[in-house]
Structure formats: C-alpha cells, structure tokens
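In what follows, a single structure is set out as structure tokens and then discussed.
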Amino acid sequence: MRYDLVVFDNDGVLVDSEPISNRLLAAYLTELGHPTSYEDSLRDYMGAALHRVHDLVAERTGQRLPDDFDDVFHARVFAAFERELKPVSGAVGVLEKLAADGVPYCVASSGSHERIRVGHRTTGLDRWFEDSRIFSSQDVGRGKPAPDLFLYAAERMGVAPERCVVVEDSPLGVRAAVAAGMDVYGFTAMTPSEKLADAGQLFSDMQELTDLLI
C-alpha cells in the first residue's frame, strides 16, 4: 500500500447522493426566486458546503436566502435519502478490502455530521465508519476548496499529509486535496474528466480503486 491513509469524500464517492441533493437544491432555489437548473447546481455547488450557496446567491443577486434555508433543505434531502439513497456501486467492496488489509481510512465531507450519518445509516455504510473516522466541514472554519478539512482529518488520524490519498468527485474537492499537499484520485462517474484534471489519477468505476491504491 502506497499510502498511510485513504480519505474519502462522501457525497458521490461513498453514497450516491449528488443527483438527489442537486435536484432538490435546484428546485428549492428556483422556488425562492433564484432560477437554477440541475446542471447549474452541479456546476456551482457540487462538493461544496452550504455556505457556498448563501455566498453565491448573495454575490449574484444581493439578496439573502431565508434564515431557515439550511433546515428546510436538509429536511427535504433527508426525506429523499430515506426513499432513494444507495451506496455508490463498488464502494462497499473497497471498504471491505481496506478493512481486511488494515489500511486506515476516513471520510472528510463538506456535508454536515448529521447529513453524513443519515446517509451512512440509510445505506448501511455506518458499519464502516465509527465517529473517529468521520470529519465534516462543520469541524473547520472553511470548507472545500480550502485545504482545512483534509488537513484536519489527517491530523486527527495521525498521518502526515504527504502520506494521504484523497478520493474525490468534485473540482472543489480536488482543489482542496491538492492545496493540502495530498495525492488525489478523481472519480469521474458523474464529473467530466477534464473538470478533475488536477487529480493525479482518474477512474470511472469504484471497483478500480483498490488496484490503483496498491
């Protein structure tokens, strides 16, 4: 194994949540008078913490989103997760292999701790992630593309950044991993490969990942 720690993004890498959450985000913003298509949402917000939504809307329109925006959005997303959410195909096999080989791993997500746990509980991935392996943008001052979250996860896991590899599917996440001084593998199942060009390695099928890590 080339690395001492594998750091997974969550949405789109472990749980197949990006289509659900971006569909709902686009619909909610449009409902609030900020017309947003599904494609717009993927382009602007995929991989980002919710503060980016507030920041971009304010920057573009001069208007603030409602104070209860985050709570309403999360309630809609969690309800949809209960109905629709599944693990990313191949993710369980990767986690089984890492656990069997004794390779340390964790998740570092722009999503809230509650969102991570709801997704893992719904998909059965909670068996692989006790609390000590879960890190959220809530834990740091700045979310991706700042490197803070990945550096925090590495510090808490006791591994130097240069000994970590990050598995990401968003341009913001790739930028954060590069800024943290970590190797990064770009998962292109939903994201065009050219948008993840800064990743050191690209792959489109999660089942390929274990071979790439060796």
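Given the structure is predicted, the values throughout are model-derived calculations rather than measurements.
Scored by the salt bridge (Lys or Arg N to Asp or Glu O under 4.0 Å) test, Asp67 finds Arg64 as partners (sequence neighbours excluded). Applying the salt bridge (Lys or Arg N to Asp or Glu O under 4.0 Å) test to Arg60 and every residue at least two apart in sequence or in another chain returns Asp44. Partners of His74 under the ring-ring contact (aromatic ring centres under 6.0 Å, His included) rule, at least two apart in sequence or in another chain, are Phe78. Qualifying salt bridge (Lys or Arg N to Asp or Glu O under 4.0 Å) partners for Asp40, counting only residues two or more places apart in sequence or in other chains: Arg43. By the ring-ring contact (aromatic ring centres under 6.0 Å, His included) test, Tyr38 is found to be paired with no residue, residues two or more places apart in sequence or in another chain being considered. Residues satisfying the side chain to side chain donor-acceptor pair (under 3.5 Å) criterion with Glu31, sequence neighbours excluded, are Arg76. In terms of the salt bridge (Lys or Arg N to Asp or Glu O under 4.0 Å) criterion, Glu208 has no residue partners (sequence neighbours excluded).
Using a 4.5 Å heavy-atom threshold, the side chains of Val88 and Val13 count as separate. Side chains of Gln138 and Glu114 form no contact here, defined as non-hydrogen atoms less than 4.5 Å apart. Residues Val15 and Pro87 form no side-chain contact, since every pair of their non-hydrogen atoms from C-beta on lies 4.5 Å or further apart. For the pair Val165 and Val7, the minimum side-chain heavy-atom distance is 4.5 Å or more. Taking the side chain as every heavy atom from C-beta outward, Leu172 and Arg52 approach each other to under 4.5 Å. Between Val6 and Pro104 the shortest side-chain heavy-atom distance does not fall below 4.5 Å. A 4.5 Å side-chain heavy-atom check between Cys106 and Ile134 finds every atom pair outside the cut-off. Put simply, the side chain of Phe135 does not reach to within 4.5 Å of the side chain of Ile116, judged on heavy atoms.
Leu202 and Phe8 end up in different hydrophobic clusters when Ile, Leu, Val, Met, Phe, Trp and Tyr side chains are linked at under 4.5 Å. Val94 and Val107 end up in the same hydrophobic cluster when Ile, Leu, Val, Met, Phe, Trp and Tyr side chains are linked at under 4.5 Å. Put simply, Leu85 and Met46 are part of two different groups of oily side chains (I, L, V, M, F, W, Y) that touch within less than 4.5 Å, one to the next. If you chain together hydrophobic residues whose side chains sit under 4.5 Å apart, Leu42 and Leu56 never meet in one group. Residues Leu5 and Leu95 are members of separate hydrophobic clusters, defined by side-chain heavy-atom contacts under 4.5 angstrom among Ile, Leu, Val, Met, Phe, Trp and Tyr.
For Ser137 (side chain) and Ala49 (main-chain N/O), no donor-acceptor pair under 3.5 Å exists by modelled atom type. Put simply, the side chain of Thr122 never gets that close to the backbone of His120: no donor and acceptor are under 3.5 Å apart.
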Might you work through the side-chain contact (heavy atoms from CB on, under 4.5 Å) test for Val178 and Arg175, ending with a clear yes or no? CA-CA 5 Å; Val178 170; Arg175 285 168 55 194; 5.9 Å; no
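Note: Ser112 OG to Leu50 CG = 8.0 Å, rounded to the nearest 0.5 Å.
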Anything under 3.5 Å between a donor and an acceptor, one on a side chain of residues 139-155, the other on a protein residue two or more places apart or in another chain? List them.
residue: Asp139; atom: OD1; partner: His113; partner atom: NE2; Å: 2.9
residue: Asp139; atom: OD2; partner: His113; partner atom: NE2; Å: 3.1
residue: Asp139; atom: OD2; partner: Ser136; partner atom: N; Å: 2.9
residue: Arg142; atom: NH2; partner: Asp148; partner atom: OD1; Å: 3.1
residue: Lys144; atom: NZ; partner: Asp9; partner atom: OD1; Å: 3.0
residue: Lys144; atom: NZ; partner: Ala108; partner atom: O; Å: 3.2
residue: Lys144; atom: NZ; partner: Glu168; partner atom: OE2; Å: 2.7
residue: Tyr152; atom: OH; partner: Arg156; partner atom: NH1; Å: 2.6

Which donor-acceptor pairs under 3.5 Å do the side chains of residues 96-103 make with protein atoms, sequence neighbours left out?
residue: Lys97; atom: NZ; partner: Asp101; partner atom: OD2; Å: 3.3

Give every donor-acceptor pair under 3.5 Å between a side-chain atom in residues 21-29 and any protein atom, sequence neighbours left out.
residue: Ser21; atom: OG; partner: Ser17; partner atom: O; Å: 3.1
residue: Ser21; atom: OG; partner: Arg115; partner atom: NH2; Å: 3.2
residue: Asn22; atom: OD1; partner: Ser41; partner atom: OG; Å: 2.7
residue: Asn22; atom: ND2; partner: Glu18; partner atom: O; Å: 3.0
residue: Asn22; atom: ND2; partner: Glu18; partner atom: OE1; Å: 2.9
residue: Arg23; atom: NH2; partner: Glu84; partner atom: OE2; Å: 3.1

Per-pair distances, 0.1 Å, donor-acceptor, side chain in residues 124-131, under 3.5 Å, sequence neighbours excluded:
residue: Glu130; atom: OE1; partner: Arg133; partner atom: NE; Å: 3.4
residue: Glu130; atom: OE2; partner: Arg133; partner atom: NE; Å: 3.1
residue: Asp131; atom: OD1; partner: Arg117; partner atom: NH2; Å: 2.9

Report, one line per pair, each donor and acceptor closer than 3.5 Å where one atom sits in a side chain of residues 182-199; sequence neighbours left out.
residue: Asp183; atom: OD2; partner: Tyr3; partner atom: OH; Å: 2.6
residue: Tyr185; atom: OH; partner: Arg2; partner atom: NH2; Å: 3.0
residue: Tyr185; atom: OH; partner: Leu212; partner atom: O; Å: 3.4
residue: Thr188; atom: OG1; partner: Phe203; partner atom: O; Å: 3.2
residue: Thr191; atom: OG1; partner: Asp169; partner atom: O; Å: 2.5

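The shortest heavy-atom contact between Ser109 and Asp11 is OG-OD2, 3.8 Å.
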